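All values derive from a computational prediction rather than experimental measurement. In what follows, residues are counted from 1 in the order of the sequence shown.
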Amino acid sequence: MTLAPPPPLSSSSAVRLRLVAQPVQGHMPRRIDGAWWPRSPDLMSELPWLLAGLPQSWGQVSSVLLDGAVWSPFPARQLVADQVVRLSRTHTQQRTPSTVCLLAPGRGRWDLLVVRPRPRRRRPCGSWTVWTPS
């Protein structure tokens, strides 16, 4: 099990999350309950932010099911805000959208679309000569 410190309180690094209220679906296929824009593929640093940003009415999330292709390696359990969260990896097709499934005992299940972070472009090193017309 890995310990994750609680996210610091800073408005500049708040979780990027958008949720949608869904009607009861009966036997219909599950809908997406919202979207999440993590800043990096490092689940250990991103998960505390996500869980801290969820509505209190969702209760405490105890299990998270994630697309294994999106995230860097992670342990089977992580301690987040004094609670153990079980982490499970799925393997989906490259063409399907990536999702995260959040499970809270007695409260329900929520599926979020994961909008993958863009890789940061490295700037070339060295000096550049700028030509200006005379």
Any donor-acceptor N/O pair, [X] side chain to [Y] backbone, under 3.5 Å:
X	Y	result
Gln78	Val84	no
Arg89	Leu66	no
Ser72	Pro41	yes

Do you know which two heavy atoms are closest between [X] and [Y], and how far apart they sit?
X	Y	value
Pro75	Met44	CD-SD, 3.4 Å
Val85	Val61	CG2-O, 3.7 Å
Val114	Val70	CG1-CG1, 4.5 Å

Open item on the list: Count I, L, V, M, F, W, Y as connected when their side-chain heavy atoms are under 4.5 Å apart, and connections chain through other members. Are Trp58 and Leu65 then in the same cluster?
Closed with: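 Not linked; separate clusters.
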- [ ] Spell out, yes or no, whether Trp71 and Leu103 are grouped together once hydrophobic residues are joined by side-chain heavy atoms under 4.5 Å, including indirect joins.
- [x]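 Result: no, two separate clusters.
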Task: Leu50: partners by side-chain contact (heavy atoms from CB on, under 4.5 Å), with sequence neighbours left out - done: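 Once residues adjacent in sequence are excluded, the partners of Leu50 under the side-chain contact (heavy atoms from CB on, under 4.5 Å) criterion are Leu17, Trp36, Leu47, Leu54, Leu102, Leu112.
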TODO: Answer yes if the side chains of Ser62 and Gln83 hold a donor-acceptor pair under 3.5 Å, and no otherwise.
DONE: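 No, no side-chain donor-acceptor contact under 3.5 Å.
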Task: Interatomic distance, Asp67 atom CG to Thr90 atom OG1 [nearest 0.5 angstrom] - done: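 Asp67 atom CG to Thr90 atom OG1 measures 5.0 Å (nearest 0.5 Å).
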Open item on the list: Rounded to the nearest 0.5 Å, what separates atom CZ in Arg109 from atom CG in Asp111?
Closed with: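 Answer rounded to 0.5 Å: 4.0 Å.
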Task: Atom CZ of Arg86 with >12 non-hydrogen neighbours under 6.0 angstrom - done: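 Not buried by this count: 12 neighbours or fewer within 6.0 Å.
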- [ ] Start with the C-alpha distance between Ser45 and Ser40, add both sets of side-chain angles, then the distance that settles side-chain contact (heavy atoms from CB on, under 4.5 Å), and finish with yes or no.
- [x] CA-CA 8 Å; Ser45 65; Ser40 78; 3.9 Å; yes
